[in-house]
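First up is the structure itself, then whatever we jot down about it.
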Amino acid sequence: MIVEEYPHFDIQKTAESGQCFRLNRIGDHEWLLIAYGKVLQITMERKGRYCFSCGRKEFDSLWKDYFDLETDYGKFAERIPKKDLFLQKAAAFSDGIRILRQDPWETLISFIISQRKSIPAIQTSVEKLSAAFGKKIPAGTKTYYAFPRPEELSRADYDDILACSVGYRAPYIYRAAKMCASGELDLMSLSELDDAALREKLLSVNGVGEKVAGCVMLFGYHRTGAFPVDVWIQRMIDLHYDGHFPLKRYRGFAGIIQQYIFYYGRQTYDRSERMRMKIEKLDKKGSLI
DNA sequence: TGCCAGGCTTCAC
DNA sequence: GTGAAGCATGGC
């Protein structure tokens, strides 16, 4: 159990930022994370002061990097033009979010699952897969389950994967597991590649398109230049940038900007606005006919 | 009950 | 190259 001060780290925002599906709030000031075969409890003693349920060695060798605690995120926000009021607001609102260094394999499968699913539904599937095929992690009176390794998933019955509420994504998961377990796809060695080559390799996996590849690059390989565009990002770009986001301005850290837009957009965009955009789109379509 | 969800693949054209 | 259809199922 160690206590650390990180004034610019916000566990709540990070947990709610949609990049990780096994970092859950379990109390007013407590979160539970299952990652890398370990369970970590994080208690916020006060703003910027956290208690981690691990020893110094584990914290320094694993969690400090996992939460990217040594990076100064302020320098990214400073690069946003003052006149871009939307992004200024998004960055201020999201202050404290970190881009996590997650396991590439878990990130790959989690984001294959994510397509056309809500975040709670993704969490359900990830938990079901872990409980069905992952190794047990005993912790006190409770038992948790690690996310299954490729070998464990590749040995699974296809129908048992299907039973994890993954629907039509089951064959994608099954094939990815076979590829990784057989060595046909070595996710560890991909970290040697540059962004373009990594993207190409990820796109070669069935069920992985531009958006999922971007998420795996950003959250699994910490390629902060990746800019995955999902419905939320596209919605914000349409609404605030007339469909064209100035991506070049944020070369090398567009992924962090993307996360600010995603978090701010989801938290503040209401249904009436969504309806307005929908009607506008239909009108545009109608005017073309 | 119906709509929507951190999209992708396939197939026309 | 582009656009549309079809996809399984949970959560609200």
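Lettering follows sequence order; numbering is per chain, from 1.
Across all strands, Q259(A) comes closer than 4.0 Å to base atoms (heavy-atom distances). Here S17(A) lies in heavy-atom contact (under 4.0 Å) with a base. Counting non-hydrogen atoms under 4.0 angstrom, I233(A) reaches a base of the nucleic acid. At a threshold of 4.0 angstrom between heavy atoms, the contacts of F219(A) include nucleobase atoms, whether or not backbone atoms are also involved. Here G18(A) lies in heavy-atom contact (under 4.0 Å) with a base. Among the protein residues, V208(A) comes within range of the sugar-phosphate backbone only, with heavy atoms under 4.0 Å from sugar or phosphate atoms but none that close to a base. If you check every strand for non-hydrogen atoms under 4.0 Å, Y172(A) touches sugar and phosphate atoms only.
Stacking between W232(A) and dG6(B) is absent: the ring centroid is not both under 5.5 Å from the six-membered base ring centre and under 30° in plane angle.
A salt bridge is absent between R266(A) and E16(A): the closest approach of a Lys/Arg side-chain nitrogen to an acidic carboxylate oxygen does not fall below 4.0 angstrom. Ionic pairing of E210(A) and R199(A) is present here: one or more N-O contacts between side-chain nitrogen and carboxylate oxygen are shorter than 4.0 angstrom.
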Set out, in order, the CA-CA distance, both residues' side-chain angles and the distance that settles side-chain contact (heavy atoms from CB on, under 4.5 Å) for D160(A) and F133(A), then state yes or no.
CA-CA 9 Å; D160(A) 292 335; F133(A) 310 111; 3.7 Å; yes
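One interatomic measurement links the two molecules: CG of D230(A) to P of dG7(B), which rounds to 5 Å at whole-angstrom precision. Rounded to an integer number of Å, the gap from R235(A) CZ to dG6(B) C1' is 11 Å. As rounded to whole Å, 11 Å separates atom C1' of dC8(B) from atom CG of L203(A). Counting to the nearest Å, the C1' atom of dC8(B) and the CG atom of L202(A) are 15 Å from each other. When rounded to the nearest whole Å, the span between CZ of R199(A) and P of dC8(B) equals 11 Å. Atom NZ in K211(A) sits roughly 8 Å away from atom C1' in dG7(B) (whole-Å rounding). Separating the CG atom of L108(A) from the P atom of dG6(B) is a distance of 19 Å, rounded to the nearest angstrom.
An OP1 or OP2 oxygen of dT9(B) is reached within less than 4.0 angstrom by no side-chain nitrogen or oxygen of R175(A). For the pair N206(A) and dC8(B), the criterion of a side-chain N or O lying under 4.0 Å from OP1 or OP2 is not met.
The main-chain N or O of L187(A) is never found under 3.5 Å from a side-chain atom of S191(A) such that the two would form a donor-acceptor pair.
Sorted by first then second residue, the salt bridge (charged side-chain N to carboxylate O under 4.0 Å, His left out) pairs that include residues 81-102 of chain A, not counting sequence neighbours, are D68(A)-R101(A). Residues in residues 154-176 of chain A take part in these ring-ring contact (aromatic ring centres under 6.0 Å, His included) pairs, two or more places apart or across chains: Y158(A)-Y174(A).
On a pure distance criterion of 3.5 Å, no polar donor-acceptor pair joins the side chain of Q234(A) and the base of dG6(B).
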What string of B, S and - do you get for nucleotides 7-12 of chain C, 5' to 3', if B is base contact, S is sugar-phosphate-only contact and - is no contact with any protein heavy atom under 4.0 Å?
BBSSS-
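The P atoms of dA8(C) and dC11(B) are separated by 14 Å, rounded to the nearest whole Å. Going from the P atom of dG6(C) to that of dG6(B) covers 23 Å, rounded to whole Å.
Taking the six-membered ring for Trp and thresholds of 30 and 60 degrees, Y66(A) and Y36(A) have ring planes more than 60 degrees apart, a perpendicular arrangement.
Ring pair F86(A)/Y260(A): centre-to-centre distance not below 6.0 Å.
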